[in-house]
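These notes are about the structure you will find just below.
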Amino acid sequence: MRQVIGSQSPSLNVLSQEPLVAGTPMSLLDGQVVPTNLFFIRNHFPVPAMDADQWSLKVTGKVRDEFSLTYAELKEMPRTELEALLECAGNSRAAIQPPIEGLLWDHSGVSSANWAGVSLRTLLDRAGLLPSAQEVLLIGADRGTEAGESAEMCFAMSLPMDKALDPSTLLAYEMNGVPLLPEHGHPLRAVVPGWYGMTSVKWLVEIQVLDRPFQGFHQSEYYVYRDLGADDGSPAERVTSIKVKSLITWPGRGQMLEVGTHRLRGVAWSGAAPVAKVEISTDDGWEWNAATLQESGSRHAWQQWEYVWEATEPGRYLIRARATDEMNNSQPVSAPWNFRGFASNSIHAVPVVVKRPH
Ligand code: MTE
């Protein structure tokens, strides 16, 4: 039986109940933002019990003035709004061969929302960074033990200074116009646009400015690109920027269409640079034609695209969508393999059948 906590929709694909991990069905990615109760969820540990009235956020470490803020004080600070998507680093890993470690996300580990909160930079400016400041550590209130690890830990991730001071890096208390739901980090979470979702730390309780690189489990052992057999003891590369990707949201896999004109639809995004083009192939990648890209209004949201397909002959077709960004990063037919299948951005392919009308 499907069960989700809080006010999440039963339409979510639940991959794990405890901790809760649930994906947004692809047909529901078909808009500029995803309704809050359909936004994907990725938790490593149980959702911590948080009470906004008792909660406070500490800003500590290599700063001139450490301080802490209540929820009410935070809401009095200058408000910033941002439309941005989050994508789980493991999104789209289900199709990777040979099979990889981790939950088998299809393409449902991505969603976009309107966030509101305070720029992380505003808090760092108030604290005053010391010259030794190197990284900003975001610490969540959730705790637990990861598979294969003996010690209990919290969920924490650091940002390099340029990312922490980027005005679009947000501490969000609202999502789509309402206070964050418990599953999405109430009362306060980070939203780090352009990077995979793991640094968008939920249930924030402390921001610590460090004078050295952070070495926490999730950052230096879990969310890293690791090859098998290449473990020479050197630190593995950290997963950061979102790779360019496009998904076909309509038609769905295996859908039957009639001979005639069809408007294929989808979404595309890239962490490194704006999307320059999306191309569509309806013949398994031989011929590519440009789709029409819609302006999204936010650099950090996805862009919707549309392609008018004249399906003149009955048959079986493989539709593919390939995005390229303004730095000329494009999607590969098959993304490089790594141990946890992170950042998989292989070209999305959807088989369909075209029939004559009865
Ligand atoms: N923050 C905390 N404290 N604990 C977590 O388990 N999961 C991270 C990130 N922030 C996580 C967290 C991961 S891996 C992702 S992809 C995003 O939250 C997902 O955010 P969402 O559940 O709101 O979609």
Side-chain angles (χ1 to χ4, degrees), residues 4-9 12-16 18-24 28-29 33-50 55 57 84-93 102-103 105 107-115 117 137-147 149 152-159 169-176 178-208 216-219 221-224 238-240 242 271 340-344:
V4 283
I5 56 171
S7 44
Q8 267 67 39
S9 161
L12 290 179
N13 297 327
V14 177
L15 302 184
S16 157
E18 194 62 71
L20 184 61
V21 181
T24 311
L28 300 173
L29 303 181
V33 295
V34 170
T36 312
N37 66 342
L38 291 167
F39 200 99
F40 84 95
I41 302 166
R42 179 24 169 152
N43 296 338
H44 280 259
F45 303 131
V47 175
M50 306 291 281
W55 171 91
L57 178 72
L85 68 86
L86 294 184
E87 181 179 16
C88 183
N91 191 31
S92 309
R93 69 152 74 100
L103 293 159
W105 287 107
H107 302 288
S108 61
V110 62
S111 297
S112 197
N114 277 309
W115 308 96
L137 181 63
L138 308 170
I139 305 176
D142 49 333
R143 299 190 67 81
T145 311
E146 287 285 3
E149 298 296 301
E152 196 185 88
M153 61 182 95
C154 64
F155 190 91
M157 284 276 169
S158 76
L159 298 176
T169 298
L170 194 67
L171 304 178
Y173 46 70
E174 267 179 36
M175 183 178 179
N176 295 335
V178 292
L180 290 176
L181 295 178
E183 297 76 14
H184 293 294
H186 182 75
L188 189 72
R189 74 171 303 162
V191 175
V192 183
W195 279 25
Y196 283 107
M198 71 271 140
T199 47
S200 291
V201 176
K202 303 191 272 192
W203 311 294
L204 278 173
V205 284
E206 185 171 349
I207 292 173
Q208 214 178 78
F217 172 82
H218 293 101
Q219 179 159 325
E221 289 186 48
Y222 194 94
Y223 286 102
V224 293
R238 186 180 172 190
V239 176
T240 56
I242 297 179
R340 289 189 194 274
F342 287 140
S344 175

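Just follow the structure's listing: the first ligand is 1, and inside any ligand the first atom is 1.
- The shortest distance between side-chain heavy atoms of E18 and P46 falls below 4.5 Å.
- Atoms of ligand 1 lying under 4.0 Å from any heavy atom of C88, numbered from 1 in the order shown and given with element: 16 (S).
- Applying the 4.0 Å criterion to heavy atoms of V201 picks out, from ligand 1, the atoms 1 (N), 3 (N), 10 (N).
- With a 4.0 Å heavy-atom cut-off, ligand 1 is reached by no atom of Y196.
- Against a heavy-atom cut-off of under 4.0 Å, F39 is close to the following atoms of ligand 1: 24 (O).
- Across Y223 and F342, no two heavy atoms sit closer than the pair CD2-CZ, 3.5 Å.
- Annotation: E87 places no N or O atom under 3.5 Å from an N or O atom of ligand 1; distance criterion only.
- Listed for the K202 side chain is no donor-acceptor partner under 3.5 Å among the backbone atoms of G140.
- Ranked by closest heavy atom to atom 22 (O) of ligand 1, the top entry among K202, M198, H218, R143 is K202.
- Of the polar atoms of F155, none of the N or O atoms is found under 3.5 Å from an N or O of ligand 1, judged by distance alone.
- Among protein heavy atoms, atom 24 (O) of ligand 1 sits closest to F40 O, 2.6 Å.
- In the candidate list G90, G109, S200, S200 is nearest to atom 10 (N) of ligand 1, counting heavy atoms.
- Remark: distances from the non-hydrogen atoms of R189 to ligand 1 include one below 4.0 Å.
- Between the side chain of D142 and the main chain of G185, no donor-acceptor pair closer than 3.5 Å is present.
- Looking at atom 17 (C) of ligand 1, its nearest protein heavy atom turns out to be G197 O, 3.5 Å.
- Proximity to D142 (heavy-atom distance under 4.0 Å) selects the following atoms of ligand 1: 2 (C), 3 (N), 4 (N), 5 (C), 6 (O).
- Looking at every heavy atom in both residues, V224 comes nearest to R238 through CG1-CA, 4.2 Å.
- Scanning all protein heavy atoms for the shortest distance to atom 14 (S) of ligand 1 gives Y223 OH, 3.0 Å.
- At a 3.5 angstrom cut-off on N or O pairs, N43 does not count as close to ligand 1.
- Side-chain contact between F40 and N91 is absent, with no heavy-atom pair separated by less than 4.5 Å.
- Here the shortest heavy-atom pairing between T145 and F45 reads N-CE2, 3.7 Å.
- Pairing each heavy atom of L170 with each of W115, the nearest pair is CD2-CB, 3.7 Å.
- Regarding atom 7 (N) of ligand 1, its nearest protein heavy-atom neighbour is R42 O, 3.0 Å.
- Near W203, the atoms of ligand 1 lying under 4.0 angstrom from a non-hydrogen atom of the residue are 2 (C), 3 (N), 4 (N).
- When every heavy atom of R189 is checked against every heavy atom of L204, the shortest pair comes out as C-CD1, 3.7 Å.
- Within the 3.5 Å criterion, the main-chain N or O of S158 finds a donor-acceptor partner in the side chain of Q219.
- In this structure, atom 6 (O) of ligand 1 lies nearest to the protein heavy atom H44 N, 2.8 Å.
- Closest non-hydrogen pair, P193 versus A84, comes out as CB-CB, 4.5 Å.
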